[in-house]
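Here is the structure we will look at, set down as structure tokens.
Nothing fancy with the numbering, it's 1 onward along the sequence.
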Amino acid sequence: MRTMTTAGARRTALAAQGFAAAHPATVNRRVLQRVLERTQLLQLDSVAAVVRAHYAPVFSRVGGYDRGLLDELAWSHDSRRPRRLVEYWAHEAALIPVEDWPLMRWRMAHYRHGRWGGAKRVLEHSPRLPKDVLEVIGEFGASTAGEVEKHLELDRPRSKDHWGWNYSDTKVVCELLFATGELSVDKRVGFQRYYDLTERVLPPEALAREVDEPDAVRELVRRAADALGVATEPDLRDYYRLRREQTAPAIADLVDAGELEPVQVAGWDRLAYLRPGARTPRAVTGSALLCPFDPLIFYRPRTERIFDFHYRIEIYTPEPKRVHGYYVFPFLLDGELVGRVDLRAERATGRLLVPAAFAEPGRDDPRVASELAAALRAMADWLELDHVVVGERGNLAAELARAAG
């Protein structure tokens with residue numbers, strides 16, 4: 001069995017995610033599609049403290065770009081430039097290639113009663129509501145749940161039993177029908193979903209393709225392996241939120257077919273799998289700010305194993321108990337995670353706020369601060385913010401403030 005060093009595995013993982021390539025001079029649709037070929041998906045999240053989560057990984061890999069290009073790939077209505085991405089539950093809510101939507105049919109079948117118990121309760125007291133919702137959207141076209149509710153003239157009490165979200169019965173049913181594949185997301189306005197019949201969102205070839213669960217899971221594991229480069233079974237399982245009883249036979253099949261190679265990585269306590277053809281560059285240079293939902297780091301055990309970097313998102317942690325901050329971006333420099341910054345985009349005043357900045361132990365603080373200041377300036381320019389304002393919290397704050405000028 002082949003063995004890999006920890007550093008080699010780290011460089012392989014970074015190359016697979018697109019961090020071993022130089023930023024292109026011009027970013028167009030083709031460049032964005034190449035990013036998606038690396039990451040396979042972009043996670044969606046409602047937090048807008050800096051920028052919506054799906055935009056940030058592209059910036060981390062190619063630098064400043066027009067976010068409208070990504071909107072066009074995801075929500076285009078131009079038949080000459082058709083949409084390339086569609087929303088579904090992949091690694092949580094995510095944008096995935098349109099051609100991957102059929103690989104999720106088995107999950108749609110599993111979600112026939114919804115992704116959580118609220119849908120079942122709604123169906124018990126409003127069994128006709130899904131049919132009514134489909135009829136309204138069929139007649140009026142892409143609509144928010146609120147618009148559907150107005151057409152139905154409903155005024156139902158809203159429950160607060162799921163992370164405090166204030167979902168009406170109609171919203172619950174719209175989400176149910178999205179989970180089962182009967183509705184898809186036509187567009188977003190202010191991050192609000194506009195649901196439409198799936199046959200009006202996806203092309204006929206995607207709708208016509210049927211893939212049974214074992215074949216679909218095997219293909220998803222293959223895609224996860226492409227995105228990760230070298231990975232353990234839990235890494236491969238997490239990328240599309242699969243179950244071990246699904247991934248174990250899929251991995252065995254891919255190993256038998258020569259599409260995954262078992263390898264031993266020094267310091268890893270589990271067997272790893274290398275995608276044949278995965279590149280292991282001699283070095284990875286450059287810097288990047290990584291949002292909390294970046295595919296490179298969204299599986300925290302893998303982040304800690306590969307980078308020796310303990311990272312947790314603290315959005316739901318009460319402020320007095322937060323260690324690093326509300327919305328913290330790890331900082332990647334020359335293939336290592338060397339620090340982290342709490343960030344906030346204050347658009348009204350044109351400022352990128354850095355309430356806290358931290359360097360990892362043993363790092364060259366002046367160089368980290370200098371490179372981080374440049375990365376923050378590049379992010380501010382991309383977000384059309386005039387100033388980078390560094391606060392006082394963290395062991396890197398003073399040095400970063402000097403570097404940021």
Side-chain angles (χ1 to χ4, degrees), residues 17-19 27 32-33 35-75 83-97 100 115 163-165 175 178 185 187-194 224 227-228 238-241 288-300 302-303 309 311-317 322 324-332 337 340-347 352-355 375-376 378-380 382-385:
Q17 282 282 313
F19 287 101
V27 181
L32 264 61
Q33 286 178 230
V35 172
L36 264 294
E37 288 169 6
R38 294 287 192 181
T39 66
Q40 304 291 335
L41 54 81
L42 294 172
Q43 187 172 343
L44 294 158
D45 190 80
S46 61
V47 177
V50 179
V51 66
R52 298 288 185 190
H54 57 293
Y55 295 120
V58 179
F59 170 74
S60 299
R61 288 156 179 79
V62 303
Y65 73 101
D66 178 0
R67 295 193 294 280
L69 290 172
L70 185 54
D71 293 342
E72 185 180 278
L73 287 177
W75 298 295
R83 75 176 73 220
R84 300 297 183 188
L85 304 173
V86 66
E87 291 190 36
Y88 194 64
W89 296 104
H91 181 94
E92 298 301 319
L95 292 170
I96 60 174
D100 286 1
R115 295 181 60 249
W163 284 101
W165 295 337
E175 284 295 301
F178 170 64
V185 177
K187 62 183 177 181
R188 281 183 181 258
V189 178
F191 209 65
Q192 192 170 27
R193 280 175 170 155
Y194 279 71
L228 296 171
D238 178 78
Y239 211 77
Y240 289 97
R241 294 293 168 91
L289 286 159
L290 306 174
C291 88
F293 304 103
D294 191 291
L296 180 68
I297 58 169
F298 59 30
Y299 185 45
R300 311 304 188 208
R302 176 177 169 86
T303 302
F309 188 88
Y311 178 54
R312 297 292 184 272
I313 192 165
E314 298 181 89
I315 289 173
Y316 302 112
T317 302
R322 290 179 192 146
H324 296 108
Y326 175 78
Y327 203 64
V328 173
F329 281 56
F331 182 51
L332 179 72
L337 292 179
R340 63 191 92 197
V341 281
D342 187 19
L343 296 181
R344 214 83 73 246
E346 194 176 76
R347 293 169 180 84
L352 180 62
L353 303 180
V354 189
L376 290 166
M379 174 177 275
W382 174 54
L383 298 176
E384 301 179 308
L385 301 172

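- The two atoms that bring Leu95 and Ala74 nearest to each other are CD2-CB, 3.9 Å, heavy atoms only.
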(request) List the steps, then state whether salt bridge (Lys or Arg N to Asp or Glu O under 4.0 Å) holds for Arg52 with Asp71. (result) CA-CA 12 Å; Arg52 298 288 185 190; Asp71 293 342; over 6 Å; no
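- Within the 4.5 Å cutoff, the side chain of Leu289 has heavy atoms near those of the Phe331 side chain.
- Tyr88 contributes no side-chain N or O that, together with a main-chain N or O of Asp100, makes up a donor-acceptor pair within less than 3.5 Å.
- Across Tyr326 and Arg344, no two heavy atoms sit closer than the pair CB-NH2, 3.7 Å.
- The line from CD of Gln33 to CZ of Arg38 is 14.5 Å long, rounded to the nearest 0.5 Å.
- A donor-acceptor pair under 3.5 Å is formed between the side chain of His91 and the backbone N or O of Asp238.
- Taking the side chain as every heavy atom from C-beta outward, Glu314 and Pro292 never approach each other to under 4.5 Å.
- Note on ring orientation: taking the six-membered ring where Trp is involved, the planes of Phe59 and Trp382 are parallel (angle under 30°, cut-offs 30° and 60°).
- To the nearest 0.5 Å, atoms CG (Leu73) and CH2 (Trp75) are separated by 10.0 Å.
- In terms of modelled atom types and a separation under 3.5 Å, the side chain of Arg61 and the main chain of Gly18 share no donor-acceptor contact.
- Across Ile315 and Val47, no two heavy atoms sit closer than the pair CD1-CG2, 3.8 Å.
- To the nearest 0.5 Å, atom CE of residue Met379 and atom CG of residue Leu385 are 10.0 Å apart.
- Rounding to the nearest 0.5 Å places CD of Gln17 at 6.5 Å from CG of Leu228.
- Interatomic distance, Phe19 CZ to Asp294 CG, rounded to the nearest 0.5 Å: 5.0 Å.
- Side-chain contact between Leu36 and Arg84 is absent, with no heavy atoms from C-beta onward closer than 4.5 Å.
- A cation-pi arrangement is found for Arg193 relative to Phe178, the charged atom lying closer than 6.0 Å to the ring centre and inside a 45° cone about the ring normal.
- A donor-acceptor pair is defined here as one N or O able to donate and one able to accept, closer than 3.5 Å; no such pair exists between the side chain of Gln43 and the backbone of Glu92.
- Counting only heavy atoms from C-beta outward, the side chains of Pro57 and Val35 never approach each other to under 4.5 Å.
- Looking at His324 and Tyr311, their side chains never come closer than 4.5 Å, going by heavy atoms from C-beta outward.
- Residue Leu85 is tested with Leu41, Leu32, Ile96, Leu70 for a side-chain contact (heavy atoms from CB on, under 4.5 Å); the sole match is Leu70.
- Atom CG of Leu352 is separated from atom CG of Leu343 by 5.5 Å, given to the nearest 0.5 angstrom.
- Although no hydrogens or angles enter the test, the distance criterion places a donor-acceptor pair under 3.5 Å between the side chain of Arg188 and the main chain of Phe191.
- Two residues are said to be in side-chain contact when any heavy atoms from C-beta on lie closer than 4.5 Å; Pro330 and Ile297 meet this criterion.
- In this pair, Phe293 and Tyr327 present their aromatic rings tilted. The plane angle is within the 30 to 60° band.
- Closest approach of Leu69 and Val27 over heavy atoms only: CD1-O, 3.4 Å.
- A donor-acceptor pair is defined here as one N or O able to donate and one able to accept, closer than 3.5 Å; no such pair exists between the side chain of Arg340 and the backbone of Phe329.
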